[in-house]
Amino acid sequence: MSLNMSLNTLLQHLTNGVSLGSLYALIAIGYTMVYGILRLINFAHGDIFMMATYFAFFSVATFALPWYLAFLVAIILTGLLGMTVERAAYRPLRNAPKISILISAIGVAYLLENLAIVVFGGRPKAFPAVDLFMDVVRIGDVAVQILTFVIPVVTLAILFILLYLINHTKTGIAMRAVARDHETASLMGIDVNRTISLTFGIGSILAAVGGIMWGLKFPQISPLMGVIPGLKCFIAAVLGGIGNITGAVIGGFILGIGEILLVAFFPALTGYRDAFAFILLILILLFKPTGIMGEKISEKV
Amino acid sequence: MKRKSNILTLISIIVLFLFLIYANRNFDAYQIRILNLCAIYTILGLSMNLINGFTGLFSLGHAGFMAVGAYTTALLTMTLAAKEQNFFMAPLVYPLNSIVWPFLPSLILGGLFAALIAYLVGAPVIKLRGDYLGIATLGFAEIIRVVFTNTQGITNGALGLKGIPNTTNIWWSFGIAAVTTIIMISLINSSYGRAMKAIREDEIAAQNMGIDLFKHKMMSLVIGAFFAGVGGGLLGNLLGTIDPLMFRFFLTFNILFIIVLGGMGSITGTVISAFIVTISMEVLRFLDEAIRIGPIYIKGVAGMRMVFFSVILIVVIIYYSQGLMGTREFSWNKLLGGNKKKPLAKGGTK
């Protein structure tokens, strides 16, 4: 194999890694925001991501909406779903022991998975293709789908909008205040419940965007498709420093690129691809538990 | 009073024993299998309750620990002929292909392996914030499936193991369930158990009282994993076949459901709810399958049963977070109307 060839292969793998990493990043942001504000691992997040792909699927397949409208509808529905889940399963437990709310989250995750099996059927469905994104462009000898460019661009655009929202708007200040301290924030006149609900809404919207692009890239959707990406993206959030949005994006990219390169360079380890993230998690927790961008959070007495 | 309740306990044990003899003779294979499952789920529920209920940790690795126990026990107890039949893709690795162990030492070794793995997974994570343990153990349970699917020469990969001797019978399952219950009760009432409960109530206060957090948390996790491994071993040798897909999150969910329903932190609650949940899982099977009641035909939908159970889980945790028993235990005194309380100094509740 000539040097040029292997460089091309490397580039091919890298572009794949970057687009997978962007998808992980979008889901990881949802985890990190919810963890930041509620100190809760939202186990249902991966399944909200799964529901988004089904919403998009049915908008296109059943209601025959054009793709941009269908995706918009799916994004809005997923945002509402996230807020409903928070309202129904997490808000009543705001003052309960932490383990109760974690169990509730597990219950919601399991409920969504099985509800999807009951309502949508257990058999995988083919996600509708959008021709615009499927075209292949050639750069030198590297053939790349347009989608592969679209995914990281969308992710970065969303990241910047989100950072602006959090750092420069009143809503963002409210979110940061609630993340610091619920009681003090409410004394300052912030509607804590509304802020938390909004956080879930935004997190779910990002999961929906991630889910739709995931469906375009890997066009097979099934009720259990959210489980493994969900776990991995939580790991990406921990890797970047939980509670930190930029960190979640960096973590997502590291995980996505690492995974693709692992499979590319050590094909014998392909079967262990899903295990890679968890080994990474154990290593991070051993050596730098606060993650790459994380601040040290000390336990309040 | 004390003597009276001892006698009552003895009588109920004898009644249970007689019932088991009766069941063993007269029940059909399906009913006996459900009874076995009840006992196995009791073991699994108790082991998870030790970790999640009594120590307040959040472990979701039970399916993984069970997988380790089940595979160890199965590989040690299978006959050489059965092993040869199973491993046609790749030969079984050396020490396993030439030994056949009796059931009990295999079970214990399976438990020990599960405990060792729990130690390796738990040690780096347990010092950190509690909920990381949930992700790490859940991740481990998924990894163990990935590993078992890929190690063709040891676990036979995705094909799974068939022809495991059906050694588990009512006496094994109920015997080990009884032993587990006794060990759990003595552990909970020992100084270690009180330290674990203190950690559950308030970690920082417990630490200030001189309790070694790491030691007690690890102890709880490792002992819990040991019994999960033993339970897994019993389950494998009850069903006769195992494969990696069996040990999905579904299994952990069932056990979590049992301890939440029974009351996190109650041994009797776990035992009662293990029986209720296991039996109702079977009874509600009709939700998944089509049934015909006279002229009415109801089309069952696969997955409906689990929708039902997850809704119940959420409702229980939100509205009846105490479950059936909360942290209380069953006692004859309460049942018979006596309200003599255990003094606080001896670990009684307010």
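In what follows, chains are A, B, ... by sequence order, proteins preceding strands, each numbered from 1.
Residues A:Val118 and B:Val307 approach most closely at CG2-CG2, 3.9 Å, considering heavy atoms. Annotation for B:Ile318 and A:Ala88: closest pair CD1-O, 3.4 Å, computed over non-hydrogen atoms. Across A:Ile282 and B:Pro124, no two heavy atoms sit closer than the pair CG2-CG, 3.9 Å.
In terms of heavy-atom pairs under 4.5 angstrom with chain B, the leader among A:Ile279, A:Ile106, A:Val227 is A:Ile106. Your options are B:Gly139, B:Gly56, B:Ala136, and the one with the most heavy-atom pairs under 4.5 Å with chain A is B:Gly139. Most heavy-atom pairs under 4.5 Å with chain B, from the set A:Leu111, A:Val108, A:Ile101: that is A:Leu111. Counting heavy-atom pairs under 4.5 Å between each of A:Leu40, A:Val238, A:Ile235, A:Leu283 and chain B puts A:Val238 at the top.
For the atom pair CD1 (B:Ile135) and CZ (A:Phe234), the distance works out to 5.0 Å, reported to the nearest 0.5 Å. The CD atom of B:Glu142 lies 6.5 Å from the CG atom of A:Leu231; values are rounded to the nearest 0.5 Å. One finds the OH atom of A:Tyr110 at 4.0 Å from the CE atom of B:Met306 (value rounded to the nearest 0.5 Å). Note: A:Asn114 CG to B:Phe250 CZ = 9.0 Å, rounded to the nearest 0.5 Å.
The contact between A:Tyr272 and chain B is made by backbone and side chain atoms together, counting heavy-atom distances below 4.5 Å. Heavy atoms closer than 4.5 Å to chain A are found nowhere in B:Val316, neither backbone nor side chain. Looking at A:Leu102, the atoms closer than 4.5 Å to chain B (heavy atoms on both sides) sit in the backbone and in the side chain alike. Using a 4.5 Å cut-off between heavy atoms, A:Leu93 contacts chain B through its side chain alone, with no backbone atom that close. Of the atoms belonging to B:Leu60, it is side-chain heavy atoms, and not backbone ones, that fall under 4.5 Å from chain A. Only the side chain of A:Ile228 comes within contact range of chain B, with at least one heavy atom under 4.5 Å from a heavy atom of that chain.
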Can you check side chain to side chain contact (heavy atoms under 4.5 Å, CB included) on A:Ile103 and B:Phe58, steps first, answer last? CA-CA 9 Å; A:Ile103 290 172; B:Phe58 193 57; 3.8 Å; yes
